[in-house]
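Worksheet: one structure, shown below.
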Amino acid sequence: MVDSTRETDVVVIGGGPAGLAAATAAANEGADVLLVDRNVQLGGILNQCIHDGFGLHAFGKILTGPEFADRYVREALEAGVTACTDTLVSNLSRNREIICTTSGKRSRIRAKSIVLAMGCRERTRGMIQIPGTRPAGVYTAGMAQWLTNMANIRIGQRVVILGSGDIGLIMARRLTWEGAEVSAVIEKLPYPSGLARNITQCLEDYDIPLYLSHSVSYIHGRDRVEAVTVAKVDEVGEFIRRSEFRIPCDTLLLSVGLIPENELSRQAGIQIDPATSGASVDERYMTNVEGIFSCGNVLHIHDLADWAAEEGDRAGRSAAAFALGGYRSSNAAARVPISAGDGVRYVVPQSADRSTQELLLSFRVTAPRDEATICVNAGDSSLATKKLRRAHPASMVQMSVATDHPFDESGLEVRST
């Protein structure tokens with residue numbers, strides 16, 4: 001049973017950078033916008049990211065995470081967005097109806113369009129199945145960041161970090177500043193999985209060792225972590241015998257990947273791309289369910305919050321246009337696929353209208369490469385090329401593609417050579 005029913009033009013689910021930007025853009029287009037977020041405070045993960053490095057693309061200034069979030073919150077409220085915080089969305093239907101709960105009261109909201117911006121979650125120890133006991137002192141990097149920055153809790157004195165993702169690298173520096181000893185960062189891949197600037201600023205500047213092609217093979221300790229066993233891994237990720245060594249520690253941080261929060265998307269029957277674990281979308285960020293759009297880390301993982309916000313801006317404008325009658329989805333015959341070719345892991349969007357004159361493609365390469373050339377091909381024709389001095393899976397690439405004639409029915413392919 002629901003306590004109330006409400007109708008609006010656009011509902012945005014998620015109050016992080018992508019959701020805030022989407023809500024603001026939709027409101028600026030003249031739509032009545034409702035922003036729903038499960039947290040008490042808008043801003044999402046940005047509120048615990050007290051380091052700087054945000055805002056250069058979006059605002060031309062280097063800001064901390066809370067400063068970056070505050071700017072977008074102010075813009076959203078000034079644009080007339082209605083924000084419902086501490087509100088959990090439990091149901092999403094294909095007919096653009098959501099059920100949400102606030103302070104124990106359930107409400108139904110019917111929208112002309114919906115923007116999904118729920119963000120992502122961290123992979124846990126259970127997901128990567130590290131053998132050993134189950135002592136205290138094992139945290140995901142994001143939880144360690146919240147405890148340190150928001151709750152002012154010291155999580156440990158001697159720390160090992162598994163995974164060289166950006167949150168883990170930033171926490172290596174943060175914990176060093178707090179007086180902890182970060183004994184090592186362990187990375188299963190033969191190259192770092194975080195941004196190059198974070199390798200330099202968070203590890204090299206503090207003489208923190210990075211072990212590539214290694215992983216944690218065992219966690220020791222009964223009540224509290226006492227040590228981890230580390231071993232080399234081969235090219236398929238299997239441990240190499242007799243390569244083990246032990247690192248004493250009282251804390252293990254896991255920075256082993258992020259997963260888009262797409263439970264609501266699946267509930268609505270939205271098609272999920274196995275390469276991104278996010279929705280498959282068209283050039284306007286609309287999913288296969290008409291009127292439901294997706295953006296930010298729930299669509300694909302971004303390394304810069306600025307880019308997530310920019311994507312949210314585009315999705316928000318598209319959602320407003322749909323709600324206000326600006327367009328409807330094209331028929332299947334008018335759509336062409338966009339695929340990842342050699343050297344490219346995924347591409348967003350995954351399809352486009354054949355008559356689209358300009359596309360913004362976001363993608364990642366499969367492996368580090370110097371002097372890479374990115375090619376966007378339509379059949380035998382090359383639509384665009386881009387040369388990169390250094391291509392790396394940790395750095396998302398964006399590329400604009402313009403054409404003055406309809407795309408061939410075979411679609412587009414992005415490849416790296």
Side-chain angles (χ1 to χ4, degrees), residues 120 122-132 138 140-141 160-169 171-172 182-200 202-204 208-220 227-247 249 252-260 273-278 300-303 339-347 363-375 388-397 413-417:
C120 59
E122 297 178 277
R123 296 179 72 202
T124 64
R125 176 186 176 180
M127 292 177 179
I128 61 176
Q129 299 180 335
I130 305 175
V138 180
T140 60
V160 170
I161 300 175
L162 176 59
S164 58
D166 289 311
I167 302 176
L169 297 175
M171 283 308 297
V182 180
S183 300
V185 173
I186 313 297
E187 173 56 59
K188 190 173 186 178
L189 295 172
Y191 52 83
S193 56
L195 294 170
R197 73 183 187 197
N198 286 331
I199 297 295
T200 299
C202 301
L203 298 188
E204 294 174 359
I208 298 172
L210 171 63
Y211 292 88
L212 299 175
S213 298
H214 284 73
S215 191
V216 172
S217 61
Y218 201 88
I219 298 173
H220 303 272
V228 294
T229 295
V230 176
K232 291 182 180 180
V233 295
D234 59 22
E235 60 275 3
V236 295
E238 297 293 332
F239 289 111
I240 298 174
R241 295 181 63 186
R242 293 186 293 277
S243 67
E244 300 91 351
F245 59 96
R246 185 175 171 123
I247 303 178
C249 61
L252 175 66
L253 263 57
L254 305 178
S255 180
V256 291
L258 302 169
I259 303 171
D273 183 340
T276 62
S277 297
H300 60 117
I301 303 302
H302 293 65
D303 38 278
S339 60
D342 292 343
V344 175
R345 199 176 99 214
Y346 72 79
V347 183
F363 53 91
R364 292 183 189 271
V365 298
T366 56
R369 186 187 185 108
D370 291 325
E371 304 298 336
T373 299
I374 307 298
C375 301
L388 302 175
R389 293 181 58 188
R390 174 73 170 165
H392 196 286
S395 300
M396 189 180 79
V397 182
E413 182 187 65
V414 183
R415 61 174 55 207
S416 173
T417 58

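Quick note: residue numbers are just sequence positions, from 1.
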Looking only at heavy atoms, the pair that brings Pro260 and Ser277 closest together is CB-O, 3.5 Å

Is it true that Tyr346 and His300 share a donor-acceptor pair across their side chains at a distance under 3.5 Å? yes

Separation between CE (Met171) and SG (Cys202), nearest 0.5 Å, reads 10.5 Å

OG (Ser193) and CG (Asn198) are apart, to the nearest 0.5 Å, by 10.5 Å

Between Asp303 and Arg197, does at least one N-O distance fall below 4.0 Å, as a salt bridge requires? no

Shortest non-hydrogen pair, Pro368 vs Arg390, comes out as CB-NH2, 3.5 Å

So OG of Ser255 and CD of Glu187: to nearest 0.5 Å the spacing works out to 8.5 Å

### Query
Just by distance, do the side chain of Arg369 and the backbone of Leu388 share a donor-acceptor pair under 3.5 Å?
no

- prompt: With distance as the sole test, does Thr229 use its side chain to make a donor-acceptor pair with the main-chain N or O of Ser217 at under 3.5 Å?
  reply: no

**Asked** Would a distance-only check, ignoring hydrogens and angles, find a side-chain to backbone donor-acceptor pair under 3.5 Å from Arg364 to Pro393?
**Response** yes

Between Ala227 and Arg246, the two heavy atoms sitting closest are CB-NE, 3.5 Å

d(Cys249 SG, Ile161 CD1) to nearest 0.5 Å is 11.0 Å

(message) Check whether Arg345 reaches the backbone of Phe363 with its side chain - one donor and one acceptor, N or O, closer than 3.5 Å.
(response) no

Close side-chain approach of Leu203 to Leu169, heavy-atom, < 4.5 Å: yes

Nearest heavy-atom approach of Cys120 to Ile301 is CB-CD1, 3.8 Å

Given the options Leu253, Leu162, Ile208, Leu212, Val185 meets side-chain contact (heavy atoms from CB on, under 4.5 Å) only with Ile208

Side chain to side chain contact (heavy atoms under 4.5 Å, CB included) filter on Pro190, not counting sequence neighbours, yields Ser213

*Answer whether the closest heavy-atom distance between the side chains of Ile219 and Arg125 falls below 4.5 Å.*
yes

Practice prompt. State, yes or no, whether a side-chain contact exists between Asp370 and Arg389 at a heavy-atom distance under 4.5 Å.
Written response: no

Side-chain donor or acceptor of His302 paired with backbone N/O of Met396 under 3.5 Å:
no

Looking only at heavy atoms, the pair that brings Val414 and Ile374 closest together is CG1-CG2, 3.9 Å

Rounding to 0.5 Å, atoms CZ (Arg123) and CD1 (Ile128) come to a distance of 6.5 Å

N/O donor-acceptor pair under 3.5 Å between Asp166 side chain and Leu195 backbone: yes

Exercise. Spell out, as yes or no, whether a donor-acceptor pair under 3.5 Å connects the side chain of Glu244 to the backbone of Arg242.
Key: yes

For Ala231 and Phe239 the tightest heavy-atom approach is CB-CD2, 3.7 Å

To the nearest 0.5 Å, atom CG of Leu254 lies from atom CE of Met127 at 11.5 Å

Exercise. Ser416 side chain to Val365 main-chain N or O, any donor-acceptor pair under 3.5 Å?
Worked result: no

